[in-house]
Protein chains: 2
Amino acid sequence: MSTINDVARAAGVSVATVSRALRGLDRVSPQTRARVVQAATELHYVASPTASSLASGRTKVVAVVVPFLARWFFATVISGIEKALRRHDHHVLLIDLEGESFGTRLHLSHSMLWKRVDGVIVLATALDEQEQALIERLGLPVVTIGHRIRDWSCVRIDDKEAMRIAVRHVLDLGHTDVAYVGGVPDASADLQTPQDRARAFADTLAERGLGCPPEWVIESDWTAVGAARDIMAVLNGPSRPTAVVAASDEMALGVMAAARRSGLAVPQDLSVIGVDDHVLSEALGLTTVRQDVLCQGHRAGEALMRQLVDEAAATVDEVMPVQLVVRESTAPPPKTRGGTRVTNT
Amino acid sequence: MSTINDVARAAGVSVATVSRALRGLDRVSPQTRARVVQAATELHYVASPTASSLASGRTKVVAVVVPFLARWFFATVISGIEKALRRHDHHVLLIDLEGESFGTRLHLSHSMLWKRVDGVIVLATALDEQEQALIERLGLPVVTIGHRIRDWSCVRIDDKEAMRIAVRHVLDLGHTDVAYVGGVPDASADLQTPQDRARAFADTLAERGLGCPPEWVIESDWTAVGAARDIMAVLNGPSRPTAVVAASDEMALGVMAAARRSGLAVPQDLSVIGVDDHVLSEALGLTTVRQDVLCQGHRAGEALMRQLVDEAAATVDEVMPVQLVVRESTAPPPKTRGGTRVTNT
DNA sequence: TTGAAAGCGGTACCAA
DNA sequence: TTGGTACCGCTTTCAA
């Protein structure tokens with residue numbers, strides 16, 4: 001593979017000129033540029049990214065930090081980020097903080113970022129003081145998604161608003177006995193999304209003079225299996241809700257499945273609503289509050305690029321809209337309070 | 001931030017010695033190494049990856065090429081890869097080939113890889129001749145996942161075997177009228193997984209002297225919504241199958257939902273089985289043939305690292321086991337052929 | 001065991 | 001508009 005020297009020789013100019021010509025800088029005559037470009041093309045020249053990084057101090061790589069990757073939300077956001085960055089000729093370096101064993105999380109370290117990336121995008125993760133200080137010290141521009149940290153740029157939805165919409169939907173249908181899945185587990189005590197959604201659930205009920213017994217507010221690991229397992233006791237309890245609001249679609253789908261297993265028809269006996277609009281929600285007929293996840297990734301990518309180009313670019317706090325999508329999992333409560341228990345297995 | 005020079009000065013040795021000491025090479029006296037390590041620690045020294053890459057020619061970065069990211073299978077594989085690589089102090093550079101508009105795909109290019117990565121992992125993508133030649137020319141070690149290319153290393157499952165297991169399961173339950181979702185669409189004509197699974201479906205039926213009318217073999221875009229849409233005609237047709245085999249769990253979940261919409265109970269009126277064991281399959285009670293996706297990522301990462309360390313390392317073709325997981329979506333066919341149409345909406 | 005010095009392949013400043 | 005050249009920070013012979 002050829003180097004800048006080969007191109008310079010072939011074009012009969014200096015390496016400095018080749019560098020300028022190829023990067024589209026001015027102060028290069030059209031003729032010269034043409035000669036250089038042609039020589040470069042013929043030699044299949046591609047500048048070594050490591051060499052230019054070393055010389056220029058910019059890597060054209062952005063670290064995307066995720067708590068874990070194999071979740072629809074994260075994968076989708078990253079996809080959006082990737083597409084935004086590639087427009088600006090930048091790349092995604094993945095930093096998955098999920099530890100080897102469940103529940104553990106790696107610490108963001110100096111060596112993961114130092115001289116390796118030009119900026120950082122943090123997905124729905126609460127960084128501790130040390131990690132925040134690290135990024136600050138490294139002088140890296142940051143954009144967070146779904147979770148505000150310091151005064152860094154952030155792209156997100158209004159979680160409270162989203163939950164309010166979900167709760168109001170079931171209340172408007174006439175439900176008064178509403179359970180909640182997605183209470184804040186210890187592991188997420190520092191995350192805004194679980195907190196905000198749980199809080200908004202309670203507040204919105206209160207707003208209408210309703211309440212929810214504590215045993216109907218269920219903590220969850222935010223997975224479908226977990227939610228299905230945990231909601232069972234409530235569904236089979238002596239008195240049960242006529243609607244369940246889940247803090248995410250994945251949990252909502254778990255609840256739907258659990259309901260069917262308990263012989264409850266959705267939405268006749270039990271209404272279920274989620275938040276997110278997961279890929280599978282449409283097919284499975286789940287009513288939900290949609291957020292455009294791909295777009296959030298896009299926006300975050302663009303925001304970071306702006307900060308990269310212009311040191312002084314203002315940090316942003318973009319709040320993306322959400323929208324109720326009514327499908328087949330919600331309906332007015334059954335006439336007979338508590339619903340009719342049917343057996344279909 | 002300090003450089004190797006600062007450390008050398010602080011430790012009172014040359015930069016060469018610092019380099020050796022810190023990388024754990026031999027020919028450094030224990031005392032010297034200790035002094036260097038201490039100096040480095042005190043200065044919070046971390047070697048510049050770009051500088052060492054330029055000097056050594058190795059980047060410690062691996063390109064992971066995916067057709068698109070926001071799909072459970074891909075995200076999960078990548079998660080496995082990431083964990084394997086990070087053990088060896090290597091990183092994942094994401095290369096998402098999904099184009100801006102649906103159905104288009106970016107071309108893997110020189111500039112994406114050249115001097116940027118030490119190796120490549122290709123996920124379930126058929127690279128064209130040019131792309132293959134490019135990788136070969138660059139001399140990069142490769143591991144593919146789920147799709148064999150040339151004689152490159154590959155980690156995969158036996159797709160035919162997986163499908164055979166799925167089909168046999170429904171046949172063993174007594175079904176004879178079986179439809180298939182996941183016929184090979186044009187866009188995937190060059191992918192082995194859709195082909196192999198479709199082929200094995202037909203072969204396994206034939207093996208038992210059974211057949212499947214062409215209108216029961218449904219092409220699909222491999223999404224849940226798509227499958228739900230496309231299966232409708234079959235479910236509402238004059239004669240309908242008692243079981244549907246889907247080439248993936250995502251499609252199978254779509255079929256389950258479509259069945260319910262058509263007033264068919266699963267599994268009483270219709271059995272549904274998929275392949276993959278998607279995260280949501282357990283919660284939703286889908287019978288499936290499980291593959292361990294995370295592990296495949298892991299293995300691929302390890303295989304690549306081996307080839308990276310040892311140029312002469314043998315290429316591998318690891319075929320991972322699959323396993324039938326019977327849940328609640330399959331049962332013997334209804335007594336009355338064609339099933340009883342019930343209305344529950 | 002240690003050090004000196006020549007790269008690695010560009011970028012960017014200063015002269016010309 | 002161009003060229004010369006000093007770095008960028010580390011690795012890696014080759015000598016000492």
Side-chain angles (χ1 to χ4, degrees), chain A residues 1-37 39-40 43-61 89 110-111 113-118 138-139 308, chain B residues 1-37 39-40 43-61 89 110-111 113-118 138-139 308:
Chain A
M1 298 293 130
S2 43
T3 74
I4 197 172
N5 274 296
D6 303 326
V7 179
R9 207 171 306 125
V13 297
S14 72
V15 295
T17 302
V18 173
S19 180
R20 271 180 244 128
L22 259 25
R23 282 183 300 152
L25 302 188
D26 48 3
R27 317 201 148 210
V28 177
S29 78
Q31 307 88 300
T32 309
R33 192 188 303 276
R35 283 226 312 291
V36 171
V37 168
L43 294 171
H44 299 291
Y45 170 74
V46 172
S48 156
T50 52
S52 27
S53 293
L54 180 57
S56 69
R58 326 184 87 264
T59 62
K60 298 204 172 190
V61 174
D89 192 27
H110 197 164
S111 67
L113 303 174
W114 170 236
K115 285 288 183 185
R116 198 179 281 289
V117 299
D118 294 343
L138 260 29
L308 229 43
Chain B
M1 297 295 129
S2 43
T3 74
I4 198 171
N5 274 298
D6 302 326
V7 179
R9 206 172 306 123
V13 296
S14 71
V15 296
T17 302
V18 173
S19 179
R20 273 181 240 125
L22 258 25
R23 283 182 300 152
L25 302 189
D26 47 4
R27 316 202 148 208
V28 177
S29 77
Q31 306 88 301
T32 310
R33 190 187 305 275
R35 283 225 313 290
V36 171
V37 168
L43 293 171
H44 299 291
Y45 170 73
V46 172
S48 157
T50 53
S52 27
S53 294
L54 180 57
S56 69
R58 327 186 86 263
T59 61
K60 297 203 171 193
V61 174
D89 192 27
H110 198 161
S111 67
L113 303 174
W114 169 236
K115 286 286 184 185
R116 198 179 281 288
V117 299
D118 294 342
L138 261 28
L308 231 44

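Naming: A, B, ... by sequence-line order, numbering from 1 per chain.
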Check: R20(A) side chain, dG3(D) base, donor-acceptor under 3.5 Å: yes
Closest to the S14(A) side chain, choosing from dG4(D), dG9(D), dG10(C): dG4(D)
Nearest-nucleotide pick for A16(B), side chain only, options being dG10(C), dG3(C), dG9(D): dG3(C)
Sugar-phosphate only, base, or nothing, as touched by V13(B) at under 4.0 Å among non-hydrogen atoms: sugar-phosphate
Check: L308(A) main-chain N/O paired with R58(A) side-chain donor or acceptor under 3.5 Å: yes
T17(A)-S14(A) side chain donor-acceptor pair, cut-off 3.5 Å: yes
Value in whole Å for how far the C1' atom of dT2(D) lies from CZ of R23(A): 15 Å
Donor-acceptor contact below 3.5 Å, side chain T32(A) vs main chain V28(A): no
Matching residue for V18(A) among I4(A), V37(A), D6(A) - test: side-chain contact (heavy atoms from CB on, under 4.5 Å): I4(A)
Interatomic spacing from CG in L54(A) to OG in S48(A) - rounded to 0.5 Å: 9.5 Å
Close residues, residues 1-11 of chain B, relative to DNA chain C [heavy-atom separation under 4.0 Å]: none
Residues in contact with DNA chain D, drawn from residues 25-36 of chain A - heavy-atom cutoff 4.0 Å: R27(A), V28(A), S29(A), T32(A)
Backbone N/O of L25(B) and side chain of R33(B): donor-acceptor pair under 3.5 Å: yes
Length of the CG-C1' vector between L22(A) and dG10(C), whole Å: 12 Å
Rounded distance in Å - CG (L54(B)) to C1' (dG7(C)): 9 Å
S2(A) side-chain N/O to L43(A) backbone N/O, donor-acceptor pair under 3.5 Å: yes
For H110(A), all residues meeting ring-ring contact (aromatic ring centres under 6.0 Å, His included), sequence neighbours excluded: W114(A)
